[in-house]
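Whatever order the structure lists them in is the order used to number ligands and atoms, beginning at 1.
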Amino acid sequence: MFLKLLASLAGSAVLFGLYQILKLVYQVFNSPVRHLPGPKPTHFFFGNFREIWKAENSVMHEQWVQEYGPTIKYQGLFGITRLYTVDPKALNHFLSNTHIYQKGERERKLLARILGPGILIAEGDVHRQQRKIMNPAFGAPQIRELTEVFVKKSIELRDIWASQIPQSGTARIDVLQWLTKVTLDIIGLAGFNYNFDSLSSTKQSELAEAFHTVFQSGTALGPIRILQMWLPIFRLIRTKEDRAMERSMAVMRRIGLQLLQDSKNEMVQNGTEKGRSRDLLSLLVRANTAKDIPASQRLSDEDVLAQVPTFLVAGHETTVCRIFFNLFLRSTRSRISSSAVTWALFALTQNVAAQTRLRNELLSVPTDEPTMDELNALSYLDCVVKETMRIHAPVPSSMRTAIQDDIVPLSQSFTDIHGVVHDTLKITKGQTIMIPILAMNRDKAIWGPDAMEFVPERWESDIKNALPGVWGHMLTFLGGPRACIGYRFSLVEMKALLFTLVRAFEFELAVPVEDMGKKSAVVQRPLLKSQPEAGNQMPLLIKPYVQS
Ligand code: HEM
């Protein structure tokens with residue numbers, strides 16, 4: 001009996017596997033994208049992935065665009081053709097038509113196991129409903145209220161660094177490590193009123209530990225996990241990682257339920273309007289009960305609960321990029337918000353005039369604890385933030401899959417491999433599309449010949465271009481209905497950190513600039529070429545700034 005069951009399960013798995021392979025072959029040989037110009041695959045299994053991995057972020061794609069034109073194809077794993085275009089009209093089309101271009105189903109399923117039904121995973125009406133309720137929590141008035149948290153935590157970090165510097169001396173500090181801690185503390189407090197305490201404590205908090213385990217186990221891509229993604233029958237197998245993940249998920253759920261209950265109790269005690277917690281979760285709980293939201297459209301407790309790890313993932317942990325943006329790239333753990341501030345400090349070490357100009361502007365503010373409006377009024381700080389986000393965009397690319405056939409408008413026609421000119425692009429269901437972010441942010445055709453350089457002053461002139469980004473005429477936070485909901489949060493957080501740190505210290509790179517690498521196809525993460533085994537780091541020499 002048992003053997004019969006096993007045999008029929010194995011038979012179904014083989015049939016399903018064959019069906020998946022045939023579907024793939026059909027897609028590869030029927031996709032109109034195969035007629036696009038582009039590089040020849042260099043490996044039968046990896047396609048063009050190996051050259052992409054070897055090059056720095058998006059450099060390979062940029063070279064291919066130079067060679068083959070703005071709309072090209074290349075090959076991913078299993079011979080799957082990927083479409084890549086830097087055509088702004090086409091990108092606008094992909095980002096606006098979210099009913100056609102969605103996140104990959106397999107990747108969403110994988111992440112849903114970890115996050116539950118959060119906004120990152122939702123599509124269609126469910127996404128619209130979640131976004132409608134969540135949008136107000138991320139508006140300017142709410143971020144204004146959270147600024148105090150950003151500034152207080154920045155001051156705590158400033159004081160820790162100051163205490164590490166010997167009298168009248170300089171300290172070598174790995175700023176990446178500390179910025180990772182401070183941004184975790186910030187998203188904890190501002191996101192759901194949870195104190196990770198990672199700046200002051202050497203021990204990981206219970207939630208941080210559970211979250212870390214869930215992500216380590218949930219995103220480990222061993223052979224079983226890959227089989228589980230492609231063949232549902234393998235999902236019956238529970239691996240060691242699955243068991244560790246389940247234990248930690250129970251911890252996350254217990255803490256999440258407690259945080260949710262605290263927010264609800266608070267609302268019952270203080271009412272929806274009056275003096276209350278300002279964290280995103282509390283705002284969400286209140287927004288969910290707003291009178292203009294019909295009961296049928298409110299989020300369930302499960303939906304609200306799923307936003308706790310979602311904020312951690314989307315606002316802090318770029319592992320999500322690893323899953324969504326490119327599933328089979330090398331494993332890396334790097335943090336999104338800390339990555340932006342780290343690269344800002346790096347850029348300022350390479351442009352001392354900009355560092356001095358910025359500090360002078362920051363010192364003109366008479367308080368250590370500025371409000372959001374005071375931070376936003378600092379024009380050169382704004383230029384530095386914009387230029388960092390342009391040239392060091394923490395998320396370099398994204399992916400979408402077409403769920404139906406479509407005709408895509410183009411601003412520039414292309415010539416296919418048979419010499420035929422097309423002014424639109426035909427796409428069939430199942431087509432994978434790579435959305436370039438970094439490549440668009442530093443395209444010389446858009447930004448001029450100094451596009452690859454860090455020049456904050458460029459933002460002093462009126463910049464206009466056709467990029468469909470939600471912020472700053474660039475794609476750093478993407479655009480359209482699925483643009484980053486937390487962009488205001490992260491910009492003010494970044495400004496608060498730079499304000500506090502650059503006023504207090506002078507920064508210099510602790511190693512020769514040639515030793516700094518940021519070779520990764522997922523996230524721009526710093527490492528030393530001479531010590532890649534030491535992991536991600538950004539060693540800077542820091543000394544207190546003394547006003548003359
Ligand atoms: C430097 C910081 C950040 C960058 C560069 C960034 C970038 C992005 C990008 C590129 C996306 C689109 C991903 C895609 O659909 O392919 C996204 C989505 C999202 N981000 Fe951010 N993000 C940042 C910070 C934050 C923060 C602080 C939060 C929350 C506290 C946040 C919450 C989200 C959420 C919830 C989504 C999904 C939105 C949706 O699908 O409707 N992000 N982010």
Backbone of [Y] reached by a side-chain donor or acceptor of [X] within 3.5 Å:
X    : Y    : result
E361 : S379 : yes
S282 : R278 : no
N195 : D197 : yes
D405 : K429 : yes

Task: Closest candidate by heavy atom, reference atom 22 (N) of ligand 1, pool C484, G486, P396, A190 - done: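 The option holding the nearest heavy atom is C484.
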Open item on the list: Judged on heavy-atom distance to atom 2 (C) of ligand 1, which of G469, G191, S490 sits nearest?
Closed with: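 Ranked by closest heavy atom to atom 2 (C) of ligand 1, first place is S490.
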Find all atoms of ligand 1 within a distance of less than 4.0 Å from any non-hydrogen atom belonging to [X], and give their numbers and elements.
X    : value
I119 : 35 (C), 40 (O), 41 (O)
R131 : 38 (C), 39 (C), 41 (O)
M389 : 1 (C)
L478 : 12 (C), 14 (C), 15 (O), 16 (O)
R400 : 14 (C), 15 (O), 16 (O)
I187 : 30 (C)
F138 : 29 (C), 30 (C)
P394 : 1 (C), 5 (C)

Open item on the list: Please verify the inter-ring angle class for F192 with Y194; under 30° counts as parallel, over 60° as perpendicular, anything in between as tilted.
Closed with: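 If you compare the ring of F192 with that of Y194, the planes turn out tilted.
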- [ ] With heavy atoms under 4.0 Å as the rule, classify the contact between K103 and ligand 1 as side chain, backbone, both or neither.
- [x]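 Side chain only.
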Task: Among L509, L501, T388, V502, side-chain contact (heavy atoms from CB on, under 4.5 Å) partner for L348 - done: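 Among L509, L501, T388, V502, the one meeting side-chain contact (heavy atoms from CB on, under 4.5 Å) with L348 is V502.
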Mind checking whether [X] has an N or O less than 3.5 Å away from an N or O of ligand 1?
X    : answer
H127 : yes
S398 : yes
R482 : yes

Task: Axial cation check for W447 ring with R442, 6.0 Å and 45° limits - done: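 Geometry flag: not set, cation outside 6.0 Å or 45°.
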Task: Pairing residues for R298 by the salt bridge (charged side-chain N to carboxylate O under 4.0 Å, His left out) criterion, not counting sequence neighbours - done: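 So R298 forms no salt bridge (charged side-chain N to carboxylate O under 4.0 Å, His left out) with any residue.
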Open item on the list: I want to know whether Y487 and F489 have ring centres closer than 6.0 Å.
Closed with: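 Between F489 and Y487, which both carry aromatic rings, the centre distance is not below 6.0 Å.
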Open item on the list: Ring centroids only, cut at 6.0 angstrom: are F196 and F211 within range, meaning strictly under it?
Closed with: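 That pair fails the under 6.0 Å test.
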Of all the heavy atoms in [X], does at least one lie under 4.0 Å from an atom in ligand 1?
X    : value
E493 : no
F311 : no
Q130 : no

- [ ] List in chain and number order the residues that pass side chain to side chain donor-acceptor pair (under 3.5 Å) with D174, two or more places apart in sequence or in another chain; answer none if no residue qualifies.
- [x]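 Side chain to side chain donor-acceptor pair (under 3.5 Å) check on D174 returns nothing, list empty.
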